[in-house]
Participant: 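What follows is a single structure, and I will ask about it in a moment.
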Amino acid sequence: MEKIFYVFRHGETELNVKNIWQGTGANPDLNAHGCEQAVELSQKLKCCGVEKIYSSPFLRAEHTARIANQHLCVPLELNDAFHECCFGEAEGHTMDEIGTKWPQLMHDVLYPTPTTWDSKYPGNDSESKHQVFNRVSAALLEIARTSPYQKIGISTHGGVMSSLLAGLESYGLGLPNCCVAQINYDSQTDKLTFIKMI
């Protein structure tokens, strides 16, 4: 039986506006525009027939999921597997600062490929996109194998989405706030496949 995941990025925060790399070290809420984006997102998810939402526990993702769910009224469950990547020493710095200090590393992390996705910023808890893919794909597979729902929303983060898409061999896609990626699960092959951005 096929199941469909609609994986979406949280709405805008003030740190997004300031081009500050967030990661796990900051937990900002949505700004006013981010809340508006989440309302618009709810219409997409409603048209897709989403039956349940799993969310990262980080405030920006959870708030996005809760705003969207005001229009869907489906079960919502927090799942720590979908939290943002840890970017080590890069967190809390602007994109310009990171690009100046680690130009090639920043490119490799922003645009992971099979040859670069083990790269990661310095820092004891820093994660590579490969590590994040393993964490997130394992959670999606567990949900797909056990959930009674067929169409499932996942509220998460840009770093998580780029890791997931890289692992599913989809590269270079823009991931603006509240974008949605459709990922299908095939029970016969027990595999996830990226379908499209919607």
Participant: Taking side-chain contact (heavy atoms from CB on, under 4.5 Å) as the criterion, tell me which of Thr13, Asn19, Val17 meets it with Leu15.
Facilitator: Thr13

Participant: Do the side chains of His83 and Pro57 get nearer than 4.5 Å, heavy atoms only?
Facilitator: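 A side-chain contact under 4.5 Å exists here.
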
Participant: Side chains of Glu12 and Asn177: do they bring a donor and an acceptor to under 3.5 Å?
Facilitator: no

Participant: Between Cys85 and Ser163, is any pair of side-chain heavy atoms under 4.5 Å apart?
Facilitator: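 Side chain of Cys85 against side chain of Ser163, heavy atoms only: contact under 4.5 Å found.
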
Participant: Mind listing the closest non-hydrogen atom pair of Ile152 and Ser147 along with its distance?
Facilitator: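 Minimum heavy-atom contact is CD1-OG, 3.9 Å.
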
Participant: Out of curiosity, Glu51 CD to Lys3 NZ, how far, rounded to the nearest 0.5 Å?
Facilitator: 9.5 Å

Participant: In terms of hydrophobic clustering (I, L, V, M, F, W, Y; side-chain heavy atoms under 4.5 Å; direct or indirect links), are Met106 and Val132 co-clustered?
Facilitator: no

Participant: Is the backbone N or O of Leu59 less than 3.5 Å from a side-chain atom of Glu62, with the two atoms forming a donor-acceptor pair by type?
Facilitator: no

Participant: Has the side chain of Arg135 got a donor or acceptor atom that lies under 3.5 Å from a matching backbone atom of Ala81?
Facilitator: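 Flag set: sc Arg135 to bb Ala81 pair under 3.5 Å.
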
Participant: Just by distance, do the side chain of Glu40 and the backbone of Gln37 share a donor-acceptor pair under 3.5 Å?
Facilitator: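 Not a single qualifying donor-acceptor pair exists.
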
Participant: Scan side-chain atoms only and decide if Thr113 and Thr116 contain a donor-acceptor pair under the 3.5 Å cut-off.
Facilitator: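 Judged by distance alone, the side chains do pair up.
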
Participant: Any donor and acceptor pair, going by atom type alone, linking the side chain of Ser55 with main-chain N or O of Leu78 inside 3.5 Å?
Facilitator: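 No, the answer is negative, given that no donor and acceptor are paired below the 3.5 Å cut-off.
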
Participant: Set out, in order, the CA-CA distance, both residues' side-chain angles and the distance that settles ring-ring contact (aromatic ring centres under 6.0 Å, His included) for His157 and His10, then state yes or no.
Facilitator: CA-CA 6 Å; His157 306 264; His10 62 78; 5.3 Å; yes

Participant: Is the closest side-chain heavy-atom distance between Thr193 and Glu169 below 4.5 Å?
Facilitator: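 A side-chain contact under 4.5 Å is absent here.
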
Participant: For residues Asn16 and Gly11, report the shortest heavy-atom separation together with the two atoms involved.
Facilitator: OD1-O, 3.9 Å

Participant: Are Leu72 and Tyr149 connected, step by step, through hydrophobic side chains (Ile, Leu, Val, Met, Phe, Trp, Tyr) whose heavy atoms are closer than 4.5 Å?
Facilitator: no

Participant: If you look at every heavy atom in Trp102 and Ala90, which pair is closest and at what distance?
Facilitator: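 Between these two residues, the closest heavy atoms are CZ3-CA, 3.9 Å.
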
Participant: Is there a side-chain contact between Lys18 and Thr94 in this structure, where contact means two heavy atoms from C-beta onward sitting under 4.5 Å apart?
Facilitator: no

Participant: Taking Glu91 for its side chain and Phe87 for its backbone only, find out whether a donor-acceptor pair lies under 3.5 Å.
Facilitator: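 Yes: the side chain of Glu91 pairs with the backbone of Phe87.
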
Participant: Working to the nearest 0.5 Å, report the span between CG of Asn79 and CG of Leu76.
Facilitator: 11.0 Å

Participant: Which atoms form the tightest heavy-atom contact between Ser119 and Leu105, and what is the distance?
Facilitator: CB-CD1, 3.7 Å

Participant: Any link between Leu164 and Phe8 through a network of hydrophobic side chains (Ile, Leu, Val, Met, Phe, Trp, Tyr) touching at under 4.5 Å?
Facilitator: no

Participant: Test your reading of the model: is there a side-chain donor-acceptor pair from Asp186 to the backbone of Asp190, 3.5 Å cut-off?
Facilitator: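 Not at all, since once roles are kept as given, no pair shorter than 3.5 Å links the two residues.
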
Participant: For the ring pair (Phe, Tyr, Trp, His ring centres under 6.0 Å) test, which of Tyr111, Phe133, Tyr171 pairs with Trp117?
Facilitator: Phe133

Participant: Using modelled atom types only, decide if a donor and an acceptor are shared between the side chain of Asn27 and the backbone of Phe58 within a distance under 3.5 Å.
Facilitator: no

Participant: Would you say Ser126's side chain and Pro122's backbone share a donor-acceptor pair under 3.5 angstrom?
Facilitator: no

Participant: Nearest 0.5 Å, what's the CE-CD1 distance between Met95 and Ile98?
Facilitator: 6.5 Å

Participant: How many angstroms lie between SG in Cys47 and CD1 in Ile198, if you round to the nearest 0.5 Å?
Facilitator: 9.0 Å

Participant: Test side-chain contact (heavy atoms from CB on, under 4.5 Å) on Cys179 and Met197 and set out the steps.
Facilitator: CA-CA 7 Å; Cys179 64; Met197 302 299 293; 4.0 Å; yes

Participant: Can you hop from Val7 to Leu41 via hydrophobic side chains spaced under 4.5 Å?
Facilitator: no

Participant: Quick one: CD1 on Ile183 to CD1 on Ile154, what's the gap to the nearest 0.5 Å?
Facilitator: 9.0 Å

Participant: Can you find a heavy atom in the side chain of Tyr54 that is under 4.5 Å from one in the side chain of Phe5?
Facilitator: no

Participant: Sub-3.5 Å donor-acceptor pair from the side chain of Lys129 to the main-chain atoms of Ala166, do we have one?
Facilitator: no

Participant: Would Gln182 and Asn184 count as having a side-chain donor-acceptor pair, cut-off 3.5 Å?
Facilitator: yes

Participant: Can you tell me if Glu84 uses its side chain to pair, donor with acceptor, with the backbone of Gly159 under 3.5 Å?
Facilitator: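 Present.
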
Participant: Tell me, do Arg60 and Asp29 make a side-chain contact under 4.5 Å, heavy atoms counted?
Facilitator: no

Participant: What are the two closest heavy atoms between Ser162 and Leu175, and how far apart are they?
Facilitator: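 Looks like N-CD1, 3.6 Å.
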
Participant: Taking C-beta and beyond as the side chain, do Ile67 and Leu30 meet within less than 4.5 Å on heavy atoms?
Facilitator: yes

Participant: Using a 6.0 Å cut-off, check whether atom CG of Asp80 has over 12 heavy atoms from anything other than its own residue.
Facilitator: yes

Participant: Taking it one step at a time, do Asp108 and Gln104 satisfy side-chain contact (heavy atoms from CB on, under 4.5 Å)?
Facilitator: CA-CA 6 Å; Asp108 293 345; Gln104 186 59 51; 2.9 Å; yes

Participant: Going through the checks in order, is the side-chain contact (heavy atoms from CB on, under 4.5 Å) test met by Val136 and Phe82?
Facilitator: CA-CA 6 Å; Val136 174; Phe82 301 123; 3.9 Å; yes

Participant: Are Leu141 and Met161 connected, step by step, through hydrophobic side chains (Ile, Leu, Val, Met, Phe, Trp, Tyr) whose heavy atoms are closer than 4.5 Å?
Facilitator: yes

Participant: For Arg66 and Ser155, run side-chain contact (heavy atoms from CB on, under 4.5 Å): C-alpha distance rounded to whole Å, both residues' side-chain angles, the deciding distance at 0.1 Å, then the answer.
Facilitator: CA-CA 10 Å; Arg66 294 198 183 280; Ser155 183; over 6 Å; no

Participant: Could you give me the CA-CA distance, side-chain angles and deciding distance for Lys120 and Glu127, then say whether salt bridge (Lys or Arg N to Asp or Glu O under 4.0 Å) is met?
Facilitator: CA-CA 6 Å; Lys120 59 183 178 179; Glu127 294 177 287; over 6 Å; no

Participant: Is there side-chain contact between Ser187 and Glu2, with heavy atoms separated by less than 4.5 Å?
Facilitator: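 With C-beta onward as the side chain, the pair stays apart.
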
Participant: How close do Lys151 and Cys48 get, counting heavy atoms only, and between which atoms?
Facilitator: CD-O, 3.1 Å

Participant: Looking at Asp125, I'd like to know if its CG atom is crowded, meaning that more than 12 non-hydrogen atoms belonging to other residues, nucleotides or ligands lie closer than 6.0 Å.
Facilitator: no

